[in-house]
Amino acid sequence: MEKTFQPRDVEQRWYQLWEQRGYFAPASENPKTANSAGDPFCIMIPPPNVTGSLHMGHAFQHTIMDALTRYQRMNGKNTLWQVGTDHAGIATQMVVERKLAAESNQSRHDLGRDAFIDKIWEWKESSGGTITQQMRRLGNSVDWPSERFTMDDGFYAGVQQAFIQLHEQGLIYRGKRLVNWDPKLQTAISDLEVENKDSKGSMWHIRYPLADGAKTADGKDYLIVATTRPETLLGDTGVAVNAKDPRYKDLIGKFITLPLINRRIPIIGDDHADMEKGTGCVKITPAHDFNDYEVGKRNKLSLINILSRDGMIRSIAEVFDCEGNVSTDYDNQLPEQYAGLERFAARKAVVADIDALGLLDDVKAHDLSVPYGDRSNVVIEPMLTDQWYVDAKTLAKPAIEAVEDGSVKFVPKQYENMYFSWMREIQDWCISRQLWWGHRIPAWYDEEGNVYVGFDENNVREKHSLASEIKLTQDDDVLDTWFSSALWTFGTLGWPEITERLKTFHPTSVLVTGFDIIFFWVARMMMMTMHFMKDENGKPQVPFETVYVTGLIRDEAGQKMSKSKGNVLDPLDMIDGISLEALLEKRTGNMMQPHLQEKIGKRTQKEFPEGIAAHGTDALRFTLAALASTGRDINWDMNRLEGYRNFCNKIWNAARYVLMNIEGQECAADNSQNYQLSLADKWIISQLQKTETAIRKHFDEYRFDLASQALYDFIWNEYCDWYLELSKPILADPNASTELQIGTRRTLARVLEATLRLAHPIMPFITEEIWQSIAPYAGINVSSDKDNGEEHSIMLQAYPTPDASKIDIEAVADIEWVQAVVIAVRNIRGEMNISPALALPVYFSNVSSQDQSRIESCGQLIQALAKVESLTCLKVGDEKPASATQLVGELEIMVPLAGFIDKDAELARLDKEIAKLDKEIGRLAGKLGNSGFVAKAPADVVAKEQQKLADAEDAKRRLQTQQQQLDEL
RNA sequence: ACGACCGUAGCUCAGUUGGUUAGAGCACUACCUUGACAUGGUAGGGGUCGGUGGUUCGAAUCCACUCGGUCGUACCA
C-alpha cells in the first residue's frame, strides 16, 4: 500500500466496475438476487437542468441521496435511485439562442422553429452529458440504464396524456387573463419566477379633469390620482373612490376626461380605494395592473391594452369588454407621439406632456419594489393574454390533506408550514409558455377559433368528427417546465403504462431537495401525482413518503454562491484540485459582466493563492455529510474538507497497519484456529456495537452529521488512538500466547472490515478499495468466481447490525481504567515537559483490590502506551517517594521526582489541580446547600451530586497532602 | 408589516424530553520524526451559549420582551 491515500488511483476504477457489473440496478431486476429482493426503496433524483453542470448544492444533495441509497441497499432493500435530467425550457432555449448568435449571428426566428429545435437536440446530444459524467465522479449509485429526460418520447407521451386528461376533466382551461409577462423573453412566467427588488422611484400626482363641469365637494374641477407608472394612464378605464368617502362619493357615476387622450371614463365606487391613503382616488388600468384587473372585473370596466408584447406603446390599443371580448366601447387610437416608444421612454414622455398641460400636481420620491424576471432580469409587465390554466385549487385539496394526515412528512417538519401557507392560498396555475423548447400544447384550433384537444391532429379530427377540409393549426405554445416535472415520480417509472417498476417503486420513499423548490416542484408533484396515481382501492397515491429538505451551500462568508460574485466552487475541483491559473480562468473567463473580472480575480487570488489541492471524492462527501444538520444552510469551509481528507488518510494508514500485521499471519479468518480475545479486543468490539447502533439510528433519522461524527470518533479516537496502540504490545510481545495474538489479528481485521461497511454509504471508494484487501482476513471471500456468478463488493454486503451480547461491560470498564491511568502519566509527562523518549518509573499507592488485579492484567498495556519503565505498587505504610501525583479515582499514580521532575513545577501543577477542585467543590457545595435542590430534585440527581462532592473533597485532600510532603523536602 | 429560521470557542458547526466541569473539526501554544499515518503523536490554552426579564431546586435548552442576521410572503394609488 502507498503511504498516503491517493484517491485518484482508486475512484474511477471502482466506479466503472460497479457500473459495468450492474450493481446499481434494483435487486429485483438482477436474476441473481431477484428472489431475495427485499422491500422497495426508491429515490427520484430532482432532475438537474440539462444545460447545467453540477454545483456544490448538487454534490450535497447527491451525497445524501447516495448515502441513503447505499445504506438501504446494504440493508437488503430493493433499491432504485432513478436518474434523469430536465429539459429546462427557458434556460435551454436561451443557451442555444446565445450559441446560435455567437456562431452564425442568427436568431431563432431566422432559423425557424423546427430547425431551431433540431439545434437544441444537437446541442443536448453533445453537451448534455456533462452532468452524468460528474455524477459518476461523485460515486452516485444511480440506475443508469433507466435514465430519463423530460423530452424523451415516452415521457413526452405521459405529459400529453396528463394534459388531455385534465382538460377532459375540466381541470385545464383556456382564458384571457393578466399574467406576468416578460417583455424580453416574450413569454408568460409564473409569479414564482418573479423576483421583487426594492428600488427608488417616483410617485407622480396627476390631475384628472372632471367631465361635464362636475366639481368636488371642495369645489375643484379635477381629481388627483397618484401613480408610479404614469404611462399606464393611456389604458385607464376608470377612477375609483371609496363609496363612503364624503369628499368624492357624490361623484360616483360621473366621468373624468382622461388627459392626453380625452377618453371619457367613469368614476366608480370601490373598496379598493382607501380613504386614508394618498388622495383617496385611484386610477384603474385593468389591463396593466393585477389589483386594477380585479376592480375592473367587479365594476364591469373595459380593458385597454396599450403595450405590445415587447413592451412598446402600441399605436392602436386593444380594447376588450369586461368579459374579454373585443369591444368598440372606446376609441382604440392612441396618441401617435408615443407609438413605438419603449415603456420607460414613454413614461418620461407622458410625464413631460402632463406637466406641459399643467396637470402634474406633484412628484414625490417613493420607495417601491419592482418585479423582475429571474432569468431575463427585466421588469415584468402585467399583460393581458390568452393562456392555459390548471385549476390548482381543486388539485391542491388532497395534496394538503396528505401532509395534514402524515402520509407525507417533511424533514425538518417546519417546512410543512411553508407548504401549507402556499397551498392554502394557491391561485390557478398558468401552464402555457410562449417558447419553442418544451412539450407543445396538444390543442388545435379551427379557423373560427374553436379549440380541440388530443394527441395529434388525426386524433383530434377523429375525436371531434372534423372533416378533412377543415383547417386545423396547433397551439404554438409549450407547457411550463414544471408541468412536466410535476409528473416526474411516476412518469419516469413508465406511466401512462402500468409497468412493473411503477407497481414496485411507487410511491417512492424519500425526496431530497432544496427548500427553494418546495412550491415550484414538491407541491406540484403532490397535486399531479395524487390526481393521476391511485392504489388498488382507488385512493390517491402520494409521490413520496418523506421530503428531506436541504439548506443552501454558501461560501465561507455566508454568501450565496454565484457567478457574478465569483465565489462559485466546483465540486470536481474539490476532488481533483485545480491550479490558480485554471481557477481564475474558470471564474473570470467568458463573463456576462466583464467589469467584475478584476475584483473576482483579486478575491480568488487572495482566497486560493496556491489554487486548490486535490482532496478526493470521499473527503468531499464526508465533509458534506458532516455539515448536513437538518434544514440549515451550510457555510462551506475548506478547512473542514482538509480535515476530512486527513481522516481518509487516517483510515488508509490504519488499514496499512492492519495489513502489515496480518498478511501472511494466522488470524482465524475461517475459525479453524483457536484464538483468545484480549481485554482490548473485547473493548473495541463493544465500542463497535455501540457505534453501529448510533450510526443506524442517525441514518434512520436523516442525521448525516451525527452519523459522520460517530464514525469519525470511533475510527480516529477509539480504533486508531487506542485500539491499534493496545494491539502493539500484544503483537510485539514474544511471550504472548499464540491464541491471544491470533485473537488480536482477528479483531484488527474484523473490526476494520465492519467499520468499512459502516462508512461505505458516505465514503464509497476508499472503503471498497480497502475492503477488498481486508475482507479475506475477516472470513469473506472476495474473489470473483465467474463460474457460479459470484462477485463481491462492499456495496452488496450487509450493513453492520449491532449484537448486544458482544458488549462486555467489564472489559469496557477495564480499558477505560487503563486509559485513565495512561492519560494521568502522560499528563505528568506533558506538564513537566519530560521527553517522550524517556521511560518513566511509576508508583501506585492506595491500591484497591480491583486496581491491583487490573495492574496485573493490564500493566503491560500501561507500560507500552505511557512509555513506563517499571510499575511498582506501594503497600500501606510504605514510604512514598517524592513525586508528581495524579489521581484515578482512589488510586494514586506517582512519577518520582528523582532525575526528571522539577519540584517547583510540580507544586505549581498541584496548585492548578487544587484550584480546579476548589471551584468544583464550591459549585457542588452551593448546589447541595440549597434546600430547594435537596428537597425537590430527584433523589438520584442529588445522590450523584453528593458523590461528586465527596470525590472532589477527597481528591483535594490527597493532593494537598502530597503538596505538603513535597514542600517539606 | 407578518411569518419562519438562525445567533454557542478565532472560524465552521453539534448540543436529543431542562439535571456531570457546554462538545467536535480546523486554527492556536509547548514538546516529539516512536516501525500505520507529520495529511501524524502527546499535553495544553480558549466560551458569563446575542441581550434583558421570567418560570424552575436547577435554563444553552421552556416563556416574554429586545437587538442583530438570513429567507419567505404581503404592501407599495
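Reminder, nothing fancy here: chain letters follow the sequence lines and each chain counts from 1.
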Colleague: Give one of base, sugar-phosphate or nothing for Ala935(A), where a contact means two heavy atoms less than 4.0 Å apart.
Modeller: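 Here Ala935(A) touches no strand at all.
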Colleague: Touch check for Trp716(A), heavy atoms < 4.0 angstrom, all strands: base, sugar-phosphate only, or nothing?
Modeller: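 Answer is sugar-phosphate: Trp716(A) comes under 4.0 Å of backbone atoms only.
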Colleague: By the 4.0 Å heavy-atom rule, please label Lys283(A) as base, sugar-phosphate, or nothing.
Modeller: nothing
Colleague: Pick the C1' atom in U12(B) and in G40(B), then give their distance to the nearest Å.
Modeller: 23 Å
Colleague: Would you mind classifying the nucleic acid contact of Asp516(A) as base, sugar-phosphate or nothing, using non-hydrogen atoms under 4.0 angstrom?
Modeller: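 Here Asp516(A) touches no strand at all.
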Colleague: Would you say the base of C37(B) and the side-chain of Lys650(A) have a donor-acceptor pair closer than 3.5 Å?
Modeller: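 Result: at least one qualifying N/O pair found.
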Colleague: So what does Glu831(A) hit on the nucleic acid, given a heavy-atom distance under 4.0 Å: a base, only sugar-phosphate, or nothing?
Modeller: sugar-phosphate
Colleague: Identify, residue by residue, the members of residues 613-621 of chain A with a heavy atom below 4.0 Å from RNA chain B, and return them in order of residue number, or none.
Modeller: none
Colleague: I want to verify a distance call: between A36(B), A77(B), C37(B), whose nearest atom is closest to the Ala654(A) side chain?
Modeller: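 Of A36(B), A77(B), C37(B), A36(B) is nearest to the side chain of Ala654(A).
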Colleague: Using heavy atoms to find the nearest nucleotide of RNA chain B for Tyr644(A) and Arg640(A) separately, return the residue whose nucleotide is more 5′.
Modeller: Arg640(A)
Colleague: On the 0 to 90° scale, with breaks at 30° and 60°, tag the Phe5(A)-Trp652(A) ring pair as parallel, tilted or perpendicular.
Modeller: tilted
Colleague: Any idea which of C71(B), U42(B), C13(B) is nearest the Phe515(A) side chain?
Modeller: C71(B)
Colleague: Record whether the side chain of Ser369(A) comes under 3.5 Å of the base of C75(B) through a donor-acceptor pair of N or O atoms.
Modeller: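 Result: at least one qualifying N/O pair found.
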Colleague: Identify whether any heavy atom of Asn653(A) sits under 4.0 Å from a base atom; if not, whether one sits that close to sugar-phosphate; answer base, sugar-phosphate or nothing.
Modeller: base
Colleague: How would you label the contact of Cys648(A) with the nucleic acid (heavy atoms, under 4.0 Å): base, sugar-phosphate, or nothing?
Modeller: nothing
Colleague: Kindly say if Ser835(A) contacts the phosphate of C32(B), meaning a side-chain N or O under 4.0 Å from OP1 or OP2.
Modeller: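 No.
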Colleague: Which whole number of Å gives the distance between the P atom of A24(B) and that of A43(B)?
Modeller: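 That atom pair is separated by 13 Å.
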Colleague: Within the 4.0 Å heavy-atom criterion, would you say Asn661(A) contacts the bases, only the backbone, or no part of the nucleic acid?
Modeller: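 It contacts nothing in the nucleic acid.
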Colleague: Report yes if at least one side-chain N or O of Asn646(A) is closer than 4.0 Å to OP1 or OP2 of C37(B); otherwise report no.
Modeller: no
Colleague: Heavy atoms under 4.0 Å, any strand shown: does Arg703(A) hit a base, just sugar-phosphate, or nothing?
Modeller: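 Since only primed, P, OP1 and OP2 atoms lie under 4.0 Å of Arg703(A), the category is sugar-phosphate.
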Colleague: If I pick the C1' atom on A27(B) and the same atom on A9(B), what distance separates them, to the nearest angstrom?
Modeller: 11 Å
Colleague: Just checking, any donor-acceptor pair under 3.5 angstrom between side chains of Tyr657(A) and Ser727(A)?
Modeller: yes
Colleague: Can you tell me, in whole Å, how much space there is between the C1' of U70(B) and that of U17(B)?
Modeller: 29 Å
Colleague: Looking across every strand, which nucleic acid part, if any, lies under 4.0 Å from His205(A) by heavy atom: base, sugar-phosphate, or nothing?
Modeller: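 No contact at all - His205(A) keeps every heavy atom at 4.0 Å or more from the nucleic acid.
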Colleague: Phe519(A) pairs by ring pair (Phe, Tyr, Trp, His ring centres under 6.0 Å) with which of Trp422(A), Phe420(A), Tyr419(A)?
Modeller: Trp422(A)
Colleague: Determine whether the side chains of Tyr208(A) and Asp236(A) contain a donor N or O and an acceptor N or O closer than 3.5 Å.
Modeller: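 There is such a pair (donor and acceptor under 3.5 Å, judged by atom type) between the side chains of Tyr208(A) and Asp236(A).
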Colleague: When we call it a touch if two heavy atoms are under 4.0 Å apart, what does Arg229(A) touch: a base, just sugar-phosphate, or nothing?
Modeller: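 The residue Arg229(A) makes no contact with any strand.
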Colleague: Does a donor on one side chain and an acceptor on the other come within less than 3.5 Å for Gln947(A) and Asp951(A)?
Modeller: yes
Colleague: Determine the sole option in Val282(A), Val239(A), Ile284(A) for which the side chain to side chain contact (heavy atoms under 4.5 Å, CB included) test with Val225(A) is passed.
Modeller: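 That would be Val239(A).
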Colleague: Would the base of U42(B) count as contacting Arg829(A) through its side chain, where contact means a donor and an acceptor less than 3.5 Å apart?
Modeller: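 No such pair is found, so the answer is no.
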Colleague: Give me the atom names and distance for the closest heavy-atom approach of Ile651(A) to Leu756(A).
Modeller: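 For Ile651(A) and Leu756(A), the tightest heavy-atom pair comes out as CG2-CD2, 4.4 Å.
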Colleague: Pick the P atom in G53(B) and in C11(B), then give their distance to the nearest Å.
Modeller: 26 Å
Colleague: For C76(B), does either OP1 or OP2 sit under 4.0 Å from a side-chain N or O belonging to Asn291(A)?
Modeller: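 Asn291(A) to C76(B) OP1/OP2: side-chain N or O found under 4.0 Å.
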Colleague: Can you find an N or O donor on one side and an acceptor on the other, under 3.5 Å apart, linking the side chain of Lys728(A) with the base of A36(B)?
Modeller: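 It does, because a donor-acceptor pair links the side chain of Lys728(A) to the base of A36(B) below 3.5 Å.
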